[in-house]
Amino acid sequence: MRVFDQKKELTRFLSAHKGKNGSIGLVPTMGALHRGHLSLVKKALEQNELVVVSIFVNPTQFDKKDDLQKYPRTFNEDLALLKSVSENIVVFAPSEEEIYDGEVKSESYQFDGLDVVMEGKYREGHFDGVGTIVGLLLSTVAPDKAYFGEKDFQQLQIIRKMVQLKNLPYQIVPCPIEREPHGLAMSSRNERLSEAARNEAGFINKTLQTAKSKFGIESAIYISEWVKSQFDKNELLELEYFEICDEETLTPISKRQTNKKYRAFIAVYAEGVRLIDNLRLN
Ligand code: PAF
């Protein structure tokens, strides 16, 4: 397994591979790898000859300094995990200066309104940071396909939109959410939870599942109020938002239309750790 921290050396290595008509898959990550990341890596390995996994904790997508500092960093374990999966993986782990060419700041984006709701509303500048780093990684690696998990569904839709608006030649491949035994969506942030909170956080997915069973019977307003009341009764989990949105536009549902797909989105705090999840409703 090769590990690069310089763009120039990585691109030299990748051009030799592309010269032999080898396809490349890119799995962007911020490290602290878990089963969710590995499912993306495995899918990428099935569909490409070579897979680049980037490991970079991107400072420009964090709206809180504290959250950036506490983000888990487990580089050596990440390398060992990837090595156990395949030798056909190339790791790209640049420094901030290297990937940002010395100027660590976000570009400003417009994503047709996808960025102003939910995560965009509660985490100022988050999607400008995501758009900037994903744009830099895509242009450095120039993969055939890039893989993103549906746990960050809003991020996935925004990256699809960026690729479409900029007419970029990369295929964006969505990958389903992996879950812990109690139903909690896998996330690097779960590492920061106590065992009690980690078990209790299964309640998030359980509530989404019940919301799904109510969808089509009760109104969206009723369901939202019901979800809120469930979290009001929970002492460990604090609800930040629950929204039912059109999957394409991410606009909150007003009147249900039969030809549209809807998804429930949720953000919850447990022991100061922010957890997000979502579930297709129809
Ligand atoms: O989903 C993530 O881990 C990050 O937002 C990403 C896509 C790697 C960009 O930093």
Side-chain angles (χ1 to χ4, degrees), residues 5 7 10 25-41 43-44 51-64 67-75 77-78 81-82 89-100 104-107 109 111 114-115 118-120 122-141 143 145-163 166 168 170-178 185-192 250 265 267 273-278:
D5 59 8
K7 286 186 275 192
L10 173 74
L26 169 65
V27 181
T29 83
M30 298 206 295
L33 302 181
H34 50 66
R35 186 155 46 80
H37 295 112
L38 293 190
S39 73
L40 272 64
V41 172
K43 191 165 190 173
V51 171
V52 179
V53 177
S54 62
I55 298 181
F56 177 67
V57 182
N58 174 37
T60 64
Q61 71 187 75
F62 286 82
D63 59 332
K64 294 193 177 97
D67 193 25
L68 171 61
Q69 272 163 2
K70 287 187 180 152
Y71 200 85
R73 289 159 173 88
T74 57
F75 189 61
E77 287 92 327
D78 292 348
L81 206 55
L82 292 172
I89 295 174
V90 169
V91 173
F92 179 45
S95 66
E96 290 179 12
E97 288 68 28
E98 173 66 13
I99 191 70
Y100 277 97
V104 187
K105 70 177 189 45
S106 304
E107 281 179 42
Y109 289 95
F111 295 111
L114 294 176
D115 50 325
M118 300 186 287
E119 295 303 285
Y122 287 93
R123 302 182 69 189
E124 212 193 322
H126 173 65
F127 287 121
D128 280 343
V130 170
T132 304
I133 191 65
V134 173
L136 287 169
L137 291 168
L138 285 171
S139 64
T140 304
V141 175
K145 297 186 171 90
Y147 298 77
F148 294 88
E150 287 187 343
K151 191 195 59 101
D152 297 292
F153 192 85
Q154 188 174 8
Q155 166 175 282
L156 167 70
Q157 295 299 59
I158 278 174
I159 290 162
R160 281 175 160 154
K161 178 63 75 180
M162 181 173 82
V163 164
K166 292 192 165 189
L168 301 174
Y170 316 117
Q171 190 183 329
I172 302 302
V173 183
C175 302
I177 301 175
E178 291 284 323
M186 300 217 65
S187 163
S188 306
R189 290 172 199 271
N190 297 355
E191 293 304 318
R192 291 175 51 202
L250 299 184
F265 296 85
V273 180
R274 194 166 179 280
L275 305 168
I276 60 170
D277 200 351
N278 66 81

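Just so you know, these numbers come straight off a predicted model, no measurement behind them. In each ligand, atom 1 is the first atom listed, and ligand 1 is the first ligand listed.
- Among protein heavy atoms, the minimum distance from atom 3 (O) of ligand 1 is reached at M30 CG, 3.7 Å.
- Below 4.0 Å from some heavy atom of I133 lie the following atoms of ligand 1, by number and element: 9 (C), 10 (O).
- Judged by distance alone, the side chain of N278 and the main-chain N or O of K151 form a donor-acceptor pair under 3.5 Å.
- Going from atom CD1 of I158 over to atom CD1 of I172 covers 13.0 Å, rounded to the nearest 0.5 Å.
- Ring-plane geometry between F62 and Y71 is classed as perpendicular, the angle between the planes exceeding 60 degrees on a 0 to 90 degree scale with a lower cut at 30.
- Here the protein heavy atom with the shortest distance to atom 5 (O) of ligand 1 is Q155 OE1, 2.7 Å.
- In this structure, R35 CZ and L81 CG are separated by 11.5 Å, a value rounded to the nearest 0.5 Å.
- Annotation for ligand 1: atoms under 4.0 Å from non-hydrogen atoms of P28 are 8 (C).
- Ring planes of H37 and H34: tilted class, angle from 30 to 60°.
- Residue Q61 places at least one N or O, backbone or side chain, under 3.5 Å from an N or O of ligand 1.
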